[in-house]
S.K.: 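Got a structure here, written out as structure tokens. Questions coming.
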There are 2 protein chains.
Amino acid sequence: MHRHDGHDACWTDAGDMLARAEATCRERGLQFTPLRREVLEAVAGSGKAQGAYDIAERLSAPGKRVAPVSVYRALDFLMEQGLVHRIASRNAFIPCAHEHAPGEGVIFLICRSCGAVDEASSADVEGGLGRTLERAGFTPTRSILEVEGDCGLCRGQGGAP
Amino acid sequence: MHRHDGHDACWTDAGDMLARAEATCRERGLQFTPLRREVLEAVAGSGKAQGAYDIAERLSAPGKRVAPVSVYRALDFLMEQGLVHRIASRNAFIPCAHEHAPGEGVIFLICRSCGAVDEASSADVEGGLGRTLERAGFTPTRSILEVEGDCGLCRGQGGAP
DNA sequence: GCGGGTTTGTTACAGTGTATCACCGCCAGC
DNA sequence: GCTGGCGGTGATACACTGTAACAAACCCGC
């Protein structure tokens with residue numbers, strides 16, 4: 001399981017992630033274009049989940065506007081490649097913190113104080129969910145599990161920094 | 001656990017639900033106003049999850065417009081009372097199909113063919129999730145668990161009706 | 001009746017996401 | 001070299017989702 005080691009060092013190194021993204025795309029014969037790289041950097045640049053419009057604003061500069069629609073396209077691509085996750089309860093995006101086994105479920109732990117999003121996984125939860133779905137006669141294709149609360153660091157500090 | 005017994009009879013009787021809503025509000029000293037009743041009926045009237053704007057449109061008639069903002073307020077109230085659930089992955093709302101034990105987690109099973117949303121709960125999943133969160137040092141306040149897939153009926157029929 | 005709280009109506013607006021078309025760059029094939 | 005296709009990007013417009021702010025109506029106890 002992935003654990004916080006500090007509010008600003010929550011994610012794996014940005015360099016690692018970019019290298020992994022590049023490798024993944026090359027391997028699959030897909031283009032890791034400058035825009036896609038910048039969007040991934042922007043998503044990873046903050047410890048928090050980023051909205052598409054936040055990303056667009058962050059990438060825009062006087063004389064170089066990045067439209068939200070471009071950001072959405074890049075995000076769609078990055079999500080398809082499993083490099084970025086979408087947080088449905090926030091309409092926001094986070095970089096994928098690690099490689100997932102194919103089909104492995106992810107649990108998002110969203111801190112309501114500092115806004116950081118941690119990823120966890122649990123065979124325990126998955127097993128229980130699988131059994132529950134089977135009992136219900138339901139064949140899953142995708143599942144979303146998001147938990148809001150207080151991360152250990154924030155609780156220790158008694159609130160947001 | 002709640003089970004489908006047909007595409008059009010998925011929910012508990014609308015009458016039951018309205019009676020329950022009325023009782024809940026009376027018991028808590030809250031008003032079950034005509035608007036709130038209509039919104040609850042509209043949410044329950046279709047087997048599918050309804051968007052707020054769909055509900056507004058459905059409640060509007062020539063000469064009597066119901067604005068989305070009013071629907072949102074009614075939905076907020078109904079959600080606070082636990083009479084309606086929000087499906088984060090769809091930005092849509094469904095009636096609560098049964099009484100939940102306080103603090104009990106709910107699993108939403110969303111059929112991608114027929115759009116019906118079933119509710120399930122599982123002590124198994126909750127236990128596993130609780131242990132996982134504890135290991136992560138995370139204190140939960142709210143959790144969302146939504147599974148998309150094919151319900152038994154649709155899979156049996158090989159698709160949407 | 002009056003004051004105060006709650007509910008609803010109305011308008012305006014912010015935020016989120018998609019459709020559509022045009023343009024560019026690249027590369028295979030002639 | 002030219003051309004035609006294809007994926008990526010830019011740009012505009014638009015639909016959908018949700019909230020803020022204020023006014024009017026309503027209800028209830030005094």
Side-chain angles (χ1 to χ4, degrees), chain A residues 21-22 24-26 28-43 48-81 83-94 115 144 146, chain B residues 21-22 24-26 28-43 48-81 83-94 115 144 146:
Chain A
E22 212 154 351
T24 301
C25 290
R26 197 168 35 237
R28 298 179 188 172
L30 302 171
Q31 303 178 40
F32 191 56
T33 65
L35 177 65
R36 291 169 179 175
R37 166 186 287 270
E38 283 169 34
V39 168
L40 180 55
E41 282 172 346
V43 172
K48 306 182 177 187
Q50 300 278 302
Y53 280 62
D54 296 334
I55 298 169
E57 195 174 349
R58 178 188 283 234
L59 294 186
S60 292
K64 178 209 170 202
R65 177 178 116 92
V66 177
V69 62
S70 299
V71 174
Y72 276 110
R73 283 190 289 229
L75 287 171
D76 286 343
F77 172 86
L78 295 169
M79 279 193 291
E80 271 168 25
Q81 307 314 316
L83 299 165
V84 160
H85 297 298
R86 176 184 160 81
I87 307 296
S89 60
R90 298 279 181 110
N91 296 323
F93 303 85
I94 58 166
I144 295 170
E146 299 175 8
Chain B
E22 212 155 349
T24 302
C25 291
R26 197 167 38 236
R28 298 178 188 172
L30 301 170
Q31 304 178 38
F32 191 55
T33 65
L35 177 64
R36 290 170 179 174
R37 166 186 288 270
E38 283 169 35
V39 168
L40 181 55
E41 282 172 346
V43 172
K48 307 182 177 187
Q50 299 279 300
Y53 278 63
D54 296 334
I55 297 169
E57 195 175 348
R58 178 189 283 235
L59 295 185
S60 293
K64 178 207 170 203
R65 178 178 118 91
V66 177
V69 64
S70 298
V71 173
Y72 276 110
R73 283 189 289 229
L75 287 170
D76 286 343
F77 172 86
L78 294 169
M79 278 192 291
E80 272 169 24
Q81 307 314 316
L83 298 165
V84 160
H85 297 297
R86 176 185 160 80
I87 307 296
S89 60
R90 298 281 180 110
N91 296 323
F93 303 84
I94 59 165
I144 296 170
E146 298 174 9

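Worth knowing before you read on, the calculation uses all heavy atoms, side chains too, and leaves out hydrogens, waters and symmetry mates.
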S.K.: Got a donor-acceptor pair under 3.5 Å from the side chain of Arg73(B) to the base of dG9(C)?
M.R.: yes
S.K.: Which is more 5' along DNA chain D, the nucleotide nearest Ala74(A) or the one nearest Phe93(B)? Just name the residue.
M.R.: Ala74(A)
S.K.: Starting at CG of Leu75(B) and ending at P of dT7(C), how long is that distance when rounded to a whole Å?
M.R.: 15 Å
S.K.: Check whether any side-chain N or O of Glu38(B) sits under 3.5 Å from a backbone N or O of Leu59(B) as a donor-acceptor pair, and report yes or no.
M.R.: no
S.K.: Below 4.0 angstrom from OP1 or OP2 of dA11(D), is there any side-chain N or O of Ser70(A)?
M.R.: no
S.K.: Would you indicate which nucleotide in dT10(C), dT17(D), dT9(D) comes nearest to any side-chain atom of Arg36(A)?
M.R.: dT9(D)
S.K.: With a cut-off of less than 4.0 Å, is there a side-chain N or O of Asn91(A) near OP1 or OP2 of dG17(C)?
M.R.: yes
S.K.: How many whole angstroms separate atom CD of Glu38(A) from atom P of dG8(D)?
M.R.: 16 Å
S.K.: Go through the side-chain N and O atoms of Gln81(A) and Thr24(A) and say whether any donor and acceptor fall under 3.5 Å apart.
M.R.: no
S.K.: Give the rounded distance in Å between these two atoms: CG of Leu35(A) and P of dG25(C).
M.R.: 16 Å
S.K.: On the nucleotide dG18(D), are OP1 or OP2 found under 4.0 Å from the side-chain N or O atoms that Tyr72(B) carries?
M.R.: yes
S.K.: Nearest-Å distance, CG (Asp54(B)) to C1' (dA15(D))?
M.R.: 12 Å
S.K.: Please figure out whether Leu30(B) or Arg65(B) has its closest DNA chain C nucleotide nearer the 5' end.
M.R.: Leu30(B)
S.K.: Just checking Glu57(A): does its CD atom have more than 12 heavy atoms from other residues, nucleotides or ligands closer to it than 6.0 angstrom?
M.R.: no
S.K.: From CZ of Arg86(A) over to P of dG15(C), roughly how many Å is that when rounded to an integer?
M.R.: 16 Å
S.K.: Rounded to the nearest angstrom, tell me the gap between atom OH in Tyr53(A) and atom P in dC13(C).
M.R.: 17 Å
S.K.: Among dT16(C), dT8(C), dG7(D), which is the nearest nucleotide to the side chain of Gln31(A)?
M.R.: dG7(D)
S.K.: Quick check for you: among dT8(C), dT10(C), dG18(D), whose closest atom lies nearest to any side-chain atom of Val69(B)?
M.R.: dT10(C)
S.K.: Evaluate the side-chain proximity of Arg26(A) to Phe32(A): yes if any heavy-atom separation is below 4.5 Å, no if none is.
M.R.: no
S.K.: Quick check: on DNA chain C, is the nucleotide nearest Pro34(B) upstream (toward 5') of the one nearest Arg90(A), or the reverse? Name the residue that is more 5'.
M.R.: Pro34(B)
S.K.: Have a look at Gln50(A) and tell me which of Ile94(A), Ile55(A), Val71(A) forms a side-chain contact (heavy atoms from CB on, under 4.5 Å) with it.
M.R.: Ile55(A)
S.K.: Just the rounded figure in Å: distance from C1' of dT8(C) to NZ of Lys64(B).
M.R.: 12 Å
S.K.: Rounded to whole angstrom units, what separation is found between the CD atom of Gln50(B) and the C1' atom of dT17(D)?
M.R.: 15 Å
